[in-house]
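Numbering starts at 1 and runs along the sequence shown.
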Amino acid sequence: MGTFTIDNKTMHFVDKGEGSVLVFGHSYLWDSAMWAPQVEALSQRYRCIVPDFWAHGLSDAAPEKTRSLRDYADDILALMDHLNIDKFSVIGLSVGGMWGTELVLKASARVQSLVLMDTFIGYEPEVARDKYFGMLDTINELQFVPEPLLDVIPPMFFSRNVQETNPELFAQFRQQLTELKGQKAVDMAAIGRMVFGRRDTFDDVEQLTLPTLVMVGAEDGPRPPLESQLMHDAIDGSQYTIIPAAGHISNLEQPDLVTARLTEFLAETLG
């Protein structure tokens with residue numbers, strides 16, 4: 001892991017491989033390890049950089065100035081400058097796609113291609129936003145994830161049959177949530193409000209003129225395929241792939257399929 005400091009807050013990141021640079025963004029409540037299968041394969045040909053989002057993994061809580069996903073895009077651009085990287089591609093799942101889009105809008109000349117997985121670049125729908133804010137308020141107040149939410153949150157991230165098809169993946173994620181306690185839980189909840197209270201980047205969608213791949217798990221509940229279809233329709237020239245038998249964390253439920261599709265897309269756009 002590498003480290004990078006902004007305003008006395010330390011960001012941790014994976015930096016593996018050589019070649020054209022790929023910057024990965026993981027889901028809320030996960031960390032850089034989420035991308036391990038893809039990094040293992042793609043680092044044979046590309047330089048893979050995977051930051052832990054603020055308050056996730058080994059990274060500190062967000063700096064005071066980082067109050068939105070647009071601000072976080074600035075933090076990633078600062079990391080790229082720190083590493084003397086001018087051009088790179090972005091592969092973002094869930095919130096990774098949200099801040100990845102903000103990054104493209106800020107520095108379009110630097111981003112060579114964009115992958116939007118299990119994400120949505122519009123507003124969070126009001127009903128969902130209010131539900132998530134209620135969950136975050138509970139976690140913030142208790143400073144841990146209570147049992148009722150441990151029964152609700154993990155199934156949101158996977159396909160319907162995950163406890164039969166991949167029980168270890170499900171159990172591991174649930175265990176991570178049980179270990180979220182104290183200030184870390186408070187910091188994570190604060191980041192959640194940043195994620196689900198994000199702005200609507202559909203207003204700027206005509207600026208996304210770079211090669212773009214939209215992918216989504218066929219059984220993604222939080223970010224259903226309809227949202228990805230809307231993004232695909234709005235982003236001129238984008239490609240669209242539905243990942244069968246996968247929920248929100250599609251890259252871990254169908255790692256081989258996702259890696260193969262990314263390999264194909266990156267070969268087309270980066271060579």
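- Taking Ile, Leu, Val, Met, Phe, Trp and Tyr as hydrophobic and joining them when side-chain heavy atoms fall under 4.5 Å apart, one finds V186 isolated, its cluster having no other members.
- The shortest side-chain heavy-atom distance between V111 and L210 falls under the 4.5 Å cut-off.
- Between the side chains of D187 and W54, not a single donor N or O lies within less than 3.5 Å of an accepting N or O.
- Residues M156 and F170 share a hydrophobic cluster, clusters being chains of Ile/Leu/Val/Met/Phe/Trp/Tyr side chains in contact below 4.5 Å.
- L22 is listed as a side-chain neighbour of L42, based on a closest heavy-atom distance under 4.5 Å.
- Annotation: ring-ring contact (aromatic ring centres under 6.0 Å, His included) contacts of F202 (sequence neighbours excluded): F120.
- Taken to the nearest 0.5 Å, the CG atom of L262 stands 11.0 Å off from the OG atom of S89.
- Side-chain contact between E268 and Q239: present, with at least one pair of heavy atoms (C-beta onward) separated by less than 4.5 Å.
- No side-chain donor-acceptor contact under 3.5 Å links D204 to the backbone of Q207.
- S59 contributes a side-chain N or O that, together with a main-chain N or O of H12, makes up a donor-acceptor pair within less than 3.5 Å.
- Side-chain atoms of S238 and T212 form no donor-acceptor pair, as typed in the model, at a separation below 3.5 Å.
- Annotation: the span from I76 atom CD1 to L69 atom CG amounts to 11.0 Å, rounded to 0.5 Å.
- Applying the side-chain hydrogen bond (donor to acceptor under 3.5 Å, both in side chains) criterion to E141, with sequence neighbours excluded, gives no partner residue.
- The ring pair (Phe, Tyr, Trp, His ring centres under 6.0 Å) analysis of residues 131-153, with sequence neighbours excluded, yields the pairs Y132-F196.
- Put simply, the residue from T3, D7, T10 that forms a side chain to side chain contact (heavy atoms under 4.5 Å, CB included) with D60 is T10.
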L208 and L105: CA distance, side-chain angles, deciding distance, side-chain contact (heavy atoms from CB on, under 4.5 Å) verdict: CA-CA 7 Å; L208 299 179; L105 294 174; 4.0 Å; yes

Stepwise salt bridge (Lys or Arg N to Asp or Glu O under 4.0 Å) check, D75 with K9: CA-CA 11 Å; D75 295 343; K9 298 291 187 179; over 6 Å; no

Stepwise side-chain hydrogen bond (donor to acceptor under 3.5 Å, both in side chains) check, E179 with Q175: CA-CA 6 Å; E179 296 170 1; Q175 180 60 31; 3.0 Å; yes

Test side-chain contact (heavy atoms from CB on, under 4.5 Å) applied to H232 and L116, step by step: CA-CA 10 Å; H232 168 54; L116 298 173; over 6 Å; no

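- For the ring-ring contact (aromatic ring centres under 6.0 Å, His included) criterion with H248, the lone passing option out of F158, W30, F173, F157 is F157.
- Here the straight-line distance linking atom CG of L77 with atom CZ of R110 works out to 5.5 Å at 0.5 Å rounding.
- Put simply, the side chain of E102 does not reach to within 4.5 Å of the side chain of I121, judged on heavy atoms.
- With sequence neighbours excluded, the residues satisfying side chain to side chain contact (heavy atoms under 4.5 Å, CB included) with S68 are R70, D71.
- For H56, the ring-ring contact (aromatic ring centres under 6.0 Å, His included) partners are H26, Y28, F53, not counting sequence neighbours.
- Side-chain contact check for N166 and E253: no donor-acceptor pair (N or O, by modelled atom type) lies under 3.5 Å.
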